[in-house]
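Everything below concerns the one structure shown next.
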Amino acid sequence: MLVRVRYAPSPTGYQHIGGVRTALFNYLFARAKGGRFILRIEDTDRDRFMEKALEDIYRTFDWLGFHWDEGPDIDGSYGPYCQSERLKLYQKHTEELINSGYAYFCYCSPERLESIRKIQQKEKMPLGYDRHCRNLTDEDRKRLEKQGTKSVIRFKVPPDGSTSFHDELLGTIEKTNYDINPDPVIIKSDGFPTYHLANVIDDHSMKITHIIRAQEWLSSAPLHVLLYRAFGWEVPKYCHLPMVLGQDGQKLSKRNGATRVVEFIEKGYLPEAIINYIALLGWSFDDSREFFTLKELEELFSLDRLNKAPAVFDYKKLDWFNGNYIRKLPKEELREKLIPYLKQDKLIGDQLTAEEERIVTGLVPLVQERLQVLSDVTPMVRFLFREVAEYNIEELIPQKLDAAGTERVLEKISVLLQDFSGSSNEEIEQLFRDLAKELGIKLGGLLMLLRVTLTGSRVSPPLLESIRLLGLKKTMGRINRVLKLLSGRS
RNA sequence: GUCUCCUUCGUCUAGUGGUUAGGACACCGGGUUUUCAUCCCGGCAGCAGGGGUUCGACUCCCCUAGGAGAUGCCA
């Protein structure tokens, strides 16, 4: 049988890193099994619907670089792929349910529901609907309809017995029917289905074979099984993935860190790094390998390498992966990825001048092994485009020297640098070594003085290359500025 | 409260009755290096607790504890 799996986000917010991981596992499973991966939009909540969220789904997966085989934009003959366009189907099947006695109309007001919940909480009783409308007579119904009372449709959960199913990861899951949400709403008063109903009908009608979703759905799975049975449909295979938690051990959410994929894109994470990292959240290949391309994952992924326990999202490890992938990037590619960040931070203009072209090309090899995320580039190379905002005199003066001494050293450096452009790095370095020896200070201290003079910071890309990018004119300008600063001090 | 699921270093994980419990991130040392970073070497650190089963338990069973999720006219 052809494997068919789906990712079914609801467009109520931006794509979430946890959701993307669910999507990835579904995609990988489909590829590994030679099956189909389907995107279905579960837009049945009209209050929370966001047009932007829909765009975000497309943008996210374009960026990640993997796509569905069927979806709103790719017809696969099981459409439409948006639930809001499938209302007739839900209606039809709901009628079946009512006719066969599995569902009923409920006229309870939100206020009534609220009040019984309060009582239940107060009395420490199990929460849930009291099945008040389950045995309404036809008379009652007619009267309520005549009064124009709004209604919903509820599914009859048997009060006795139990429901069990097999989970590919967790094994047999059993729940007594008593503990299942008593008679949940399947059609809301606005005529739209709730998740449970639409999900079951769609998975069946789209011939989904495996439902791979997060474990937060585990407790409603028995209800879904009951629905399948009420319809007389075969229950698909289930696999409930371990949850992804934030650093605080709670369900990953805005409160405990970045969760929206756009945030990761903006900070400068690479899709390869994100994919590689999240693939390892609850899944592993063996005892040591941890670098995988999407292509490799497509071949290697399997459900039986899944972990049951929830995984805490580790931003530091993601950073490490990202740094690794940045280092693997061809120079030209990294350059193109860096330019938007330099533009955004106004270090360069929208149209690069020849000089900017030169500097941008030259800085790439200088920062490549220093970047953890792409947005790190700006503070690292700011000095190449901007004057130093303010010097910290303390950082300028080497150990065992005073301002006057420092001034003299810097003057010597300035002289030494005169024929910089004609010399190789090795030659210049030798000159610096000699100078340091002559002055009786460490080479590191000597160069630190120059480094701070040019960059305003004790941490910078390699000095000599930086000078070449900066140009002798600006270099001398900064040296002279610091010289003045020092003479004012001594 | 109730129900369900989960439990190996701080974190991600390997491990499926006999291992000095392995790897990675992080952290801490050391080396290379003009700073930082990279790179290399080394170190710290774990089977939640208690009962069984067994010649032998991280591995199987039970209990306890802890964690998470669910308990909606949200998904």
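A, B, ... follow the sequence lines: proteins, then strands. Residue 1 opens every chain.
- Between rC58(B) and rA14(B), the two C1' atoms lie 12 Å apart (nearest whole Å).
- In this structure, G445(A) reaches neither bases nor backbone, as no heavy-atom distance under 4.0 Å exists between it and the strands shown.
- Geometric assessment of K328(A) against the ring of F291(A) yields a positive cation-pi assignment under the 6.0 Å and 45° thresholds.
- Relative orientation of the F29(A) and F301(A) rings is perpendicular, given thresholds of 30° and 60° on the angle between their planes.
- Comparing P461(A) and R305(A) by the nucleotide of RNA chain B whose heavy atom lies nearest to each, the residue mapping closer to the 5' end is R305(A).
- The residue P462(A) sits close to a base: some heavy atom pair falls under 4.0 Å.
- In this structure, rC60(B) and rG52(B) make a Watson-Crick or G-U wobble pair, each of the two defining distances being under 3.5 angstrom.
- Checked by atom type and distance alone, the side chain of R289(A) never pairs as donor or acceptor with a backbone atom of F285(A) at under 3.5 Å.
- Listed nucleotides: rA68(B), rC5(B), rA75(B). Nearest to the side chain of L245(A): rA68(B).
- Because its NZ or CZ atom is not both nearer than 6.0 Å to the ring centre of Y81(A) and within 45° of the ring axis, R40(A) does not count as a cation-pi partner of that residue.
- If you check every strand for non-hydrogen atoms under 4.0 Å, T176(A) touches nothing.
- Atom-to-atom, CG of N324(A) to C1' of rA37(B) comes out at 13 Å; the value is rounded to the nearest Å.
- Residue L280(A) is in sugar-phosphate contact alone, with no base atom involved, counting any heavy-atom pair closer than 4.0 Å across all strands shown.
- Here the nucleotide nearest the side chain of E369(A), chosen from rA37(B), rG72(B), rU13(B), is rA37(B).
- Distance from the side chain of K175(A) is smallest for rC3(B) among the nucleotides rA75(B), rC3(B), rU34(B).
- Closest contact between the side chain of K251(A) and the listed nucleotides rG69(B), rC6(B), rC12(B) involves rG69(B).
- A cation-pi geometry, defined here as NZ or CZ lying under 6.0 Å from the six-membered ring centre and within 45° of its normal, holds between R154(A) and Y129(A).
- Distances from the side chain of K308(A) to the nucleotides rA70(B), rU35(B), rC6(B) place rC6(B) closest.
- Among the heavy atoms of the strands lying under 4.0 Å from S284(A) are primed sugar atoms or P, OP1, OP2 only; no base atom is included.
- P184(A) comes within 4.0 angstrom of no nucleic acid atom, judged by non-hydrogen atoms across all strands.
- Contact annotation for E174(A): backbone-only contact, meaning every heavy-atom pair under 4.0 Å involves sugar-phosphate atoms and none involves a base.
- One C1' atom belongs to rA45(B), the other to rC25(B), and the distance between them is 13 Å to the nearest Å.
- Rounded to whole Å, the C1' atom of rA65(B) lies 30 Å from the corresponding atom of rA24(B).
- Base pairing analysis places rG69(B) opposite rC3(B); the two distances defining the Watson-Crick or G-U wobble pair are each below 3.5 Å.
- Within the 4.0 Å cut-off from OP1 or OP2 of rA70(B), not a single side-chain nitrogen or oxygen of R213(A) is found.
- The nearest whole Å value for the distance from the NZ atom in K124(A) to the C1' atom in rU2(B) is 12 Å.
- Aromatic ring centres of Y238(A) and H240(A) lie closer together than 6.0 Å.
- Between S460(A) and rU35(B), a side-chain N or O to OP1/OP2 separation shorter than 4.0 Å is absent.
- Applying the 4.0 Å criterion to OP1 and OP2 of rA75(B), one finds that T44(A) has a side-chain N or O inside that range.
- Between the side chains of Y107(A) and D140(A), no donor N or O sits under 3.5 Å from an acceptor N or O.
- Ranking rA75(B), rC3(B), rC73(B) by closeness to the Y195(A) side chain, first place goes to rA75(B).
- Across all strands shown, rC36(B) has no partner, as no Watson-Crick or G-U wobble contact with both distances under 3.5 Å is found.
- One atom, CH2 of W217(A), and another, C1' of rC74(B), lie 8 Å apart when rounded to the nearest Å.
- In this structure, H240(A) places its NE2 atom 11 Å from C1' of rA70(B), rounding to the nearest Å.
- Atom P of nucleotide rU16(B) and atom CG of D304(A) are separated by 14 Å, given to the nearest angstrom.
- A donor-acceptor contact under 3.5 angstrom links the side chains of T163(A) and N177(A), judged on distance only.
- Between the side chain of W283(A) and the main chain of S302(A), a donor-acceptor pair closer than 3.5 Å is present.
- Of the candidates rA70(B), rC5(B), rU34(B), the closest approach to any side-chain atom of L464(A) belongs to rU34(B).
- Between the side chain of N324(A) and the backbone N or O of W320(A) there is at least one donor-acceptor pair closer than 3.5 Å.
- Here D287(A) lies in heavy-atom contact (under 4.0 Å) with a base.
- Residues A311(A) and Y129(A) both approach RNA chain B. Their nearest nucleotides, taken by heavy-atom distance, put A311(A) toward the 5′ side.
- Comparing rC39(B), rU35(B), rA75(B) by their closest approach to the side chain of R327(A) singles out rC39(B).
- Residue contacts for N307(A): at a heavy-atom cut-off of 4.0 Å it reaches the sugar-phosphate backbone alone, with no base atom in range.
- L281(A) comes within 4.0 angstrom of the backbone, heavy atoms only, and of no base.
- Separation of the C1' atoms belonging to rC62(B) and rG30(B) is 50 Å when rounded to the nearest angstrom.
- The CE atom of M243(A) sits 17 Å away from the C1' atom of rC12(B) (whole-angstrom rounding).
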Nucleotide N/O to protein N/O under 3.5 Å, stretch nucleotides 25-28 of chain B:
unit_1, atom_1, unit_2, atom_2, d
rC25(B), O2', K317(A), N, 3.4

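- Closest contact between the side chain of R48(A) and the listed nucleotides rG69(B), rU34(B), rA75(B) involves rA75(B).
- Regarding Q430(A), its CD atom lies at a distance of 12 Å from the P atom of rU34(B), rounded to whole Å.
- Using a 4.0 Å heavy-atom distance criterion, V312(A) is classed as a sugar-phosphate-only contact.
- For a distance-only test at 3.5 Å, the side chain of R458(A) fails to qualify as a donor-acceptor partner of the base of rU35(B).
- Only the P atoms considered, rC61(B) is 16 Å distant from rU54(B), to the nearest whole Å.
- Minimum atom distance to the side chain of A309(A) is reached by rU7(B), of the listed rU7(B), rA14(B), rG23(B).
- With hydrogens and angles ignored, a donor-acceptor pair closer than 3.5 Å exists between the side chain of S189(A) and the base of rC73(B).
- Heavy atoms of R433(A) sit under 4.0 angstrom from primed sugar atoms or phosphate atoms, though from no base atom.
- Salt bridge absent: R213(A) and D203(A) never bring a charged side-chain N and a carboxylate O closer than 4.0 Å.
- R141(A) forms a cation-pi arrangement with F105(A), by the criterion of a distance under 6.0 Å to the ring centre and an angle within 45° of the ring axis.
- Nucleotides rC3(B) and rU8(B) are separated by 28 Å at their C1' atoms, to the nearest Å.
- With rounding to whole Å, F291(A) atom CZ is found 13 Å from rC12(B) atom C1'.
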